[in-house]
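For ligands, and for the atoms within them, numbers begin at 1 and follow the listed sequence. In what follows, every heavy atom counts, from backbone to side chain, and hydrogens, waters and symmetry copies are set aside. This structure is a prediction, so every number in the text was calculated from the model and none was measured.
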Amino acid sequence: MTAAAKPDREISNISALIRKYNRQYYIGDTSDITDAEYDALMNRLLSLEREHPEFRREDSPTARVGSAPLSSFSTVTHNPPMLSLSNVFSREDFLAFHSRTVLELESNQVEYSVEPKLDGVSLSLVYENSMLVRAGTRGDGVRGEDVTDNARTIRSIPLRLNTGQPVNVEVRGEVFFMVKDFQKMNRTREEAGESPFANPRNAASGSLRQLDSAITAGRPLSFMAYATGQYPYGMETQEELFSKLHLWGFMVNPQNRICSTPERVMAVYDDLVEVRPDLPMEIDGMVIKLNSISQREGIGFLSRAPRWATAWKFHAEEIATALIGIEVQVGRTGRLTPVARLEPVKVGGVVVTSATLHNQDEVIRKDVRAGDIVLVRRAGDVIPEVVASLPPEDGIRGEVFRMPDECPVCNGPVVQPEGEVNLYCINPSCEARIRKSLEHWASRKALDIEGLGKKLCEQLVDAGMVSSIADLYSLNYHELTALERMGELKATKLFSALAESRKKPLSRFLTGLGIPGVGEVASRDIAEGFKNLEALGNATEDDLTAVKGIGPVTALSIRRFFTNPVTSEVVDQLAEAGFNPIEENTGKGTALADETIVFTGTLEMPRQKAKQLALKAGAKVISSITGKTTLLVAGKNAGSKLKKAEKLGIRVVSEEEFLESAKNGAASGDAAPSVCISSLL
Ligand code: IVH
């Protein structure tokens, strides 16, 4: 891109490129460019449009980063209404549906379109002259919420349809999270001290219904199309519709099938039940629709559902157990979370003793009370959740649960930020918060301080010896050895580990600070961008968003952290205690640089350690095998991932071989001089 290029030309060229890469990535599942190159293009386009707003087009790819927050949603009206589906739960039910259909059509020449039932939220997209003009949630079927700004941030929703002639059409489909995106998002949230989402469906619904579209933009939602409002352009079958939708630029489910006999439909059901755990998204059944549109018209509708389609639902494993009580936990960020303590019970092969209840709204919605018998479910790989309470036979129940109006740990005030369902303890000296911050600071992914575990963090806080992470570095040896179960040897080792922690690179230091929104991945990106603490402390929001992978929300959070008097004082105290973290080696040019690694099976070393070795050597680590995976490290008893990697021709190495490459390539990141232990005493 030359500086002399006309801005309008450059804007339209970059936009076309980004659109092409979006299509490749979301529809074709490939990519010609790296994430960093993509971000660079996007940032260039953003700054050009900022300088020349007159050339910004309505369908610009920058619409994907979100726009100004709304104070409320306006209403959209669906015409025709967005219907729901009748259900069948067994072969018999389905065969009854089939017989009725054959009878009414007076023909047994029926073909069905059989589609996985995506477990997300439905969305209507209105295109005028091929341009996305409105997006609406289903709502009550007739009236929904206008979530156009949010829909624009979802990359797999085309802002402009790829049609020859401009078309007017309403496309309907499902917004959901791919399992890998959901897991990655949850990991990032946990690393950043935010609560993970319990279930992809609720998370998708919540993410789509944000008044601030920048928040939606930060959630990796996907969209798959399966219907149109009116049948457009003489289309005769669902099959034809799917190829059209695909052509226009939508993702359509590759698992959709056309079945010409009821036996085939039942076989597809059996197949889906079997492949369900390995599918890239969660499904809760399958949808069976008449393929022929003229046949549909002959069969018609009931009041809320078409009679030419039905949903065959899967059974989720839900197990009943007793709810012993509801506890309120306080996290590092001060967030209060109600947690159900359960009589231990096995769900989906795992013993479950507690389940999150998320927040007060959820507890009330489910009306869960201590002493109830509750149904517990594990949705996919995620945290167990309480689905519902079973009414007791005698009708006698415990008290309605209320979140406390003060912090259960420090008795300090709790607040509910506007627009949030969560309550927060705002006392920065709350012992629960300090304990959790210390644990986080000492954890493997952060400063990795051996000997400073959960128990000791608790002892230090309880004894009033530490009230912030910086206090760890002015601990008194004699006071420390006076603690229970703390001999001289243990204390000396701890001081040595604390001294070592000062040599850790900037990325680990940043992870340890626990800035909201800044986990392991963002910390590495930032550290690579700024190299030292001083440069980072002086960075403006614009400097921060210029770093690959850092969006405006994270930038603001970092800026706030370094300017807030309480948090910036901790950073100053750490600097006084001898911290001068820098980022030197990022592993570029090492044996594992540029590899995208998946670990599977049982490894000799802890997973976290293996992951860090890989990252240090410049590799990326992901959790499931995708087209992007270049290397699988297989430990003992590797199973389905190994098979999948072999099938896809991905290179597989043993843990030993991996270790060898990691060592050969990765230079030591321990650059800062070591600190003499005695200086700490
Ligand atoms: S067709 C009248 N197709 O299931 C046709 N729905 O209970 C209605 N869903 O609200 C929708 N996958 O959110 C259709 N392939 C699919 C679907 C699907 C998921 C959801 C959709 C709808 C609900 C019906």
Side-chain angles (χ1 to χ4, degrees), residues 76 78-89 93-94 97 101 112-125 135-145 147 151 154 156-157 170-178 199-209 221-232 235 237-246 250-259 265 268-269 272 276 279-293 295-297 299-314 316:
V76 294
H78 303 301
N79 183 21
M82 290 178 83
L83 300 173
S84 56
L85 291 170
S86 62
N87 290 314
V88 297
F89 290 98
D93 288 355
F94 163 65
F97 167 85
T101 309
Y112 293 110
S113 170
V114 179
E115 307 159 19
K117 187 168 182 304
L118 306 167
D119 196 7
V121 278
S122 42
L123 183 69
S124 141
L125 302 170
T137 60
R138 176 170 179 277
D140 62 7
V142 175
R143 267 171 299 274
E145 286 168 329
V147 290
I154 301 174
S156 41
I157 293 182
E170 182 200 346
V171 173
R172 294 176 179 180
E174 201 84 349
V175 172
F176 62 97
F177 283 109
M178 292 285 190
N199 112 16
R201 206 206 78 84
N202 291 357
S205 163
S207 301
L208 184 64
R209 299 178 56 245
L221 291 164
S222 294
F223 177 84
M224 272 191 182
Y226 49 65
T228 49
Q230 317 264 0
Y231 306 116
M235 217 164 270
T237 61
Q238 178 78 6
E239 198 177 9
E240 228 180 289
L241 175 65
F242 278 136
S243 35
K244 206 44 149 218
L245 288 168
H246 182 68
F250 290 99
M251 282 207 281
V252 296
N253 202 329
Q255 301 275 343
N256 295 340
R257 298 278 178 273
I258 300 295
C259 299
V265 175
V268 171
Y269 179 85
L272 269 185
R276 185 182 175 198
L279 288 179
M281 77 287 284
E282 293 214 343
I283 62 172
D284 59 346
M286 65 185 203
V287 179
I288 305 162
K289 305 172 183 166
L290 272 181
N291 188 30
S292 153
I293 286 165
Q295 283 187 338
R296 286 182 193 182
E297 278 156 7
I299 289 212
F301 297 84
L302 288 172
S303 63
R304 295 186 57 82
R307 300 175 71 232
W308 45 260
T310 193
W312 189 346
K313 291 272 198 73
F314 298 139

K.L.:
Going by the atom numbers of ligand 1, which of them fall below 4.0 Å from some non-hydrogen atom of E115?
P.N.:
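Taking each heavy atom of E115 in turn, ligand 1 has 3 (N), 15 (N), 16 (C) under 4.0 Å.
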K.L.:
How far is atom 2 (C) of ligand 1 from the closest protein heavy atom, and which atom is that?
P.N.:
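The answer is P306 CG, 3.5 Å.
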K.L.:
Is there a side-chain contact between Y112 and N291, using heavy atoms and a 4.5 Å cut-off?
P.N.:
no
K.L.:
Quick test: of every protein heavy atom, which one is nearest to atom 3 (N) of ligand 1, and how far off is it to 0.1 Å?
P.N.:
K289 NZ, 3.0 Å
K.L.:
With a 4.0 Å cut-off, would you call K289 and E115 a salt bridge?
P.N.:
yes
K.L.:
Quick check: do L125 and F223 have side-chain heavy atoms less than 4.5 Å from each other?
P.N.:
yes
K.L.:
What protein heavy atom sits nearest atom 10 (O) of ligand 1, and how far off is it?
P.N.:
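Going atom by atom, the protein heavy atom closest to atom 10 (O) of ligand 1 ends up being S122 OG, 3.6 Å.
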K.L.:
Out of N87, D284, L83, L118, indicate the one that has the non-hydrogen atom closest to atom 12 (N) of ligand 1.
P.N.:
L118
K.L.:
R138 versus V121: any side-chain heavy-atom pair under 4.5 Å?
P.N.:
no
K.L.:
Could you establish whether G120 and ligand 1 come within less than 4.0 Å of each other, counting only heavy atoms on the residue side?
P.N.:
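Checking ligand 1 against G120, which is what was asked, there is no heavy-atom contact under 4.0 Å.
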K.L.:
Hey, does E282 have a side-chain heavy atom less than 4.5 Å from the side chain of F176?
P.N.:
no
K.L.:
Any side-chain heavy atom of T237 within less than 4.5 Å of one from I258?
P.N.:
no
K.L.:
Among protein heavy atoms, which lies nearest atom 13 (O) of ligand 1, and at what distance?
P.N.:
E174 OE1, 2.7 Å
K.L.:
Is L85 touching ligand 1 with its side chain, its backbone, both, or neither, if touching means heavy atoms under 4.0 Å apart?
P.N.:
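It is both backbone and side chain that touch ligand 1.
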K.L.:
Under 4.0 Å, heavy-atom basis, I'd like to know which part of P116 is in contact with ligand 1: side chain, backbone, both or neither.
P.N.:
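Within the 4.0 Å criterion, P116 contacts ligand 1 through backbone atoms alone.
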K.L.:
Q255 versus M286: any side-chain heavy-atom pair under 4.5 Å?
P.N.:
no
K.L.:
Give me the residue, atom name and distance of the protein heavy atom closest to atom 22 (C) of ligand 1.
P.N.:
Y226 OH, 4.1 Å
K.L.:
Less than 6.0 angstrom separating the ring centers of F314 and Y269, yes or no?
P.N.:
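That pair passes the under 6.0 Å test.
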K.L.:
How far is atom 23 (C) of ligand 1 from the closest protein heavy atom, and which atom is that?
P.N.:
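Among all protein heavy atoms, the one nearest atom 23 (C) of ligand 1 is K117 NZ, 3.9 Å.
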